[in-house]
Amino acid sequence: MSQIYPEPVTLFWFRRDLRIEDNAGLYYALRSGRPVVPIFIFDRHILDSLDDPEDRRVTFIHDILGLINKNLISKGSSIDVRYGLPEEIFPALLKEYPVTAVYTNHDYEPYAQQRDRKIANLLSASKIPLYTAKDQVIFEKGEVVKDDGKPYTVFTPYSKRWRAQLNDFYLKSYPVHKYLKQLAPMKERAIPSLKSMGFKEGEREFPGNEIPAQLIRDYARQRDFPGLDATTRLSLHLRFGTTSIRQLATQAKDLSEKFLNELIWRDFYQMILWHFPQVVGQSFKPEYDRIRWRNNEKEFEAWCVGNTGYPIVDAGMRELNETGFMHNRVRMITASFLTKHLLIDWRWGEAYFAKKLLDYELASNNGGWQWAAGTGCDAAPYFRIFNPYLQTKKFDPELTYIRKWVPELEELTYAKPIVEHEYARQRCLETYKNALNK
Ligand code: FAD
């Protein structure tokens, strides 16, 4: 194919950072001196693993790219969006643009790292550097470590060091708007349609990303009650970068310690994934992989559809199936119930959440599941088993949340408990003890 672009350019590769303002990698690309061509790849390695053709996350990304493109078109540029395998797309891009450098932001997942190494090698064969920047977290990799340089594996001391190291430098926004004249002048380009990639439009109704300050002020008091609409629902936006973590953490620092703490959990799990990629597929504490899970498929199915006869568990699973979201307190309860009451492998639950959550994100999902199963780096001790009835009494005392999702609660048609609580608790204690005492 003949070259379509007349002068040397820098490429900026969007991934999980789908915004223009305060985007670190885009800022560095624009400051590099060459005209910048923004690109995005609908990665077939990822899309092929999704089995729902109406996967709403693909619709979300597609919508956001449309907005980004509109914005870029108003500045005389455009985004070049491709569909395929990155290792095949890049050689094609190099034929169409005289590329002098590629910029992108860090991604800490094992697949992403492997992909980026592949692309870096491919580019380096043409003497093109791949420059990468930290963008999606406040502190990454080895930035917050113990005195001996080793990574933290317990949250509280990590969070103390994180807070001690925080200063304005880490929260400063990247003023991309000042450099937008560096965007390469481009003709308007179309984004491949969802249909052309084998998808259909999924239901929209995505949570917004404007958060009232009052919600954050009330956060510590209200966050644990799933019947209140009292958390930010920013997880989807943080996942895809439609909200800047620096701007959010700045707000959090001024308004709510507790809210900031949750953002630190997010950094913590990304850091854990980076240092211990084996957590994908394995228990952080290897001895926990000796647990003999019951893995009863019928019980798993009842859990998935929200038919266990435990109202708080069923409410959570139905919320997840219907909306793609589940409140954090209920994520903990449903995950604990699956692993401890039913003794089903945490990896089954992790995979189900990965399929259903709009905000699915490997590091936090794996961290959350291993925490609930007791197998994780900073998990609750295994003998602390959530009692779904006490959790309900404490966090949904008026049954507001439960009645919303389990309207047949008082009817005879509602399922009987799949297992008796005290029996399940004892069975769990024995099973874990047997595995760990070997
Ligand atoms: P808010 O309470 O408003 O918190 C603000 C932000 O802080 C969240 O958007 C999220 O980015 C971060 N955050 C809050 N709590 C946690 C936490 N415990 N760990 C890490 N980050 C946190 N979060 C995901 O983003 N993706 C997942 O796939 C995911 N899977 C989970 C699975 C299990 C079993 C558990 C127990 C938790 C999981 N979480 C996950 C963490 C948490 O439940 C969600 O981030 C939160 O419920 C999202 O709602 P929100 O945006 O209203 O949160």
Side-chain angles (χ1 to χ4, degrees), residues 16 57 108-109 136-138 155 158-159 162 206-226 228-245 247-249 251-252 255-273 279-280 303 313 316-317 319-320 323-340 344 346-380 386 391 395 401:
R16 51 195 300 162
R57 295 166 293 195
Y108 311 101
E109 296 188 2
Q136 57 153 318
V137 291
I138 302 294
F155 177 72
Y158 169 84
S159 70
W162 191 104
F206 300 115
N209 63 354
E210 300 283 329
I211 304 303
Q214 195 55 40
L215 190 147
I216 298 188
R217 282 193 203 101
D218 293 338
Y219 183 81
R221 216 161 29 87
Q222 301 191 325
R223 63 184 284 262
D224 263 321
F225 299 92
L228 303 176
D229 196 6
T231 66
T232 63
R233 306 227 167 182
L234 280 175
S235 44
L236 168 72
H237 294 287
L238 287 165
R239 165 65 183 86
F240 292 109
T242 37
T243 285
S244 148
I245 185 62
Q247 287 169 5
L248 190 61
Q251 224 183 340
L255 295 175
S256 165
E257 276 286 306
K258 190 73 197 164
F259 184 65
L260 185 64
N261 206 53
E262 295 313 301
L263 300 181
I264 303 176
W265 271 107
R266 183 175 168 274
D267 272 18
F268 177 70
Y269 283 138
Q270 290 288 353
M271 178 280 292
I272 291 287
L273 182 60
V279 295
V280 182
W303 177 85
V313 173
M317 296 309 294
E319 180 185 26
L320 174 65
T323 68
F325 183 82
M326 194 196 297
H327 187 278
N328 178 60
R329 169 64 43 188
V330 194
R331 291 187 204 203
M332 296 194 287
I333 298 171
T334 52
S336 164
F337 187 83
L338 184 79
T339 51
K340 295 192 170 159
I344 291 179
W346 59 268
R347 283 157 280 233
W348 290 29
E350 183 196 24
Y352 190 75
F353 272 28
K355 234 193 264 181
K356 295 283 172 176
L357 281 172
L358 276 181
D359 65 26
Y360 165 60
E361 191 260 282
L362 177 57
S364 300
N365 194 44
N366 181 277
W369 272 96
Q370 295 225 37
W371 181 89
T375 63
C377 51
D378 187 14
F386 271 11
Q391 289 287 314
F395 299 113
Y401 177 75

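The first residue of the sequence shown is numbered 1, and numbering continues consecutively from there. We count ligands from 1, going down the list as the structure has it; atoms in each ligand are counted the same way.
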Which is closest to [atom] in terms of heavy atoms, [options]?
atom                    : options                        : result
atom 38 (C) of ligand 1 : Lys356, Arg331, Arg266, Arg233 : Arg331
atom 42 (C) of ligand 1 : Leu362, Asn328, Leu338         : Asn328
atom 10 (C) of ligand 1 : Leu238, Thr231, Thr232         : Leu238
atom 15 (N) of ligand 1 : Arg329, Arg239, Glu262         : Glu262
atom 27 (C) of ligand 1 : Leu236, Ile216, Asp359         : Asp359

[X] neighbourhood, listing ligand 1 atoms whose heavy-atom distance to it stays under 4.0 Å:
X      : answer
Tyr360 : 28 (O)
Tyr269 : 19 (N), 20 (C)
Leu234 : 9 (O), 51 (O)

Pick from Leu238, Leu234, Ile138: which one makes a side-chain contact (heavy atoms from CB on, under 4.5 Å) with Leu263? Leu238
Among protein heavy atoms, which sits nearest to [atom], and what does the distance come to when rounded to 0.1 Å?
atom                    : value
atom 28 (O) of ligand 1 : Glu361 N, 3.1 Å
atom 48 (C) of ligand 1 : Ser235 OG, 3.3 Å
atom 32 (C) of ligand 1 : Asn365 OD1, 3.3 Å
atom 33 (C) of ligand 1 : Gly368 CA, 3.8 Å
atom 23 (N) of ligand 1 : Ser364 CB, 3.6 Å
atom 4 (O) of ligand 1  : Tyr219 OH, 3.6 Å
atom 7 (O) of ligand 1  : Leu263 CD2, 3.5 Å
atom 5 (C) of ligand 1  : Phe259 CE1, 3.4 Å

Ring geometry between Trp303 and Phe353 (parallel below 30°, tilted from 30 to 60°, perpendicular above 60°):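 Answer is parallel, since the angle falls under 30°.
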Heavy-atom distance under 4.5 Å between the side chains of Tyr108 and Val137, does that happen here? yes
So, do Asn366 and Glu350 sit near enough that their side-chain heavy atoms are less than 4.5 Å apart? yes
When you measure from the centre of the six-membered ring of Phe206, is the NZ or CZ of Arg57 closer than 6.0 Å and no more than 45° off the axis?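 Cation-pi check for Arg57 and Phe206: fails.
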Atom pair CZ (Arg331) and CH2 (Trp369), whose distance is rounded to the nearest 0.5 Å: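 Going from the CZ atom of Arg331 to the CH2 atom of Trp369 covers 11.0 Å.
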Please report the interatomic distance CG(Leu248) to CD1(Ile211), rounded to the nearest 0.5 Å. 8.0 Å
Before accepting this row, confirm whether a basic side-chain N of the pair Glu361/Arg266 lies closer than 4.0 Å to the acidic partner's carboxylate O.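 No.
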Salt bridge or not between Asp359 and Arg239? Use side-chain N to carboxylate O under 4.0 Å.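 Not counted as a salt bridge, because no side-chain N and carboxylate O are separated by less than 4.0 Å.
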Under the side chain to side chain donor-acceptor pair (under 3.5 Å) rule, what do Glu319 and Tyr401 come out as? Steps first, then yes or no, please. CA-CA 10 Å; Glu319 180 185 26; Tyr401 177 75; 2.6 Å; yes
Is the closest heavy-atom distance from [X] to ligand 1 below 4.0 Å?
X      : value
Met332 : yes
Trp371 : no
Phe325 : yes

Pair Tyr269 + Trp265: ring centers closer than 6.0 Å: yes
Could an N or O of ligand 1 be found under 3.5 Å from any N or O of His327, whether backbone or side chain?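 No.
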Check whether any N or O atom of Leu357, backbone or side chain, sits under 3.5 Å from an N or O atom of ligand 1, and answer yes or no. no
Is it the case that the side chain of His237 and the backbone of Pro207 share a donor-acceptor pair, with hydrogens and angles ignored and the cut-off at 3.5 Å?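 Confirmed, His237 side chain pairs with Pro207 backbone.
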Of the non-hydrogen atoms in Leu362 and Val280, which two are nearest, and what is the gap between them? CD2-CG2, 4.0 Å
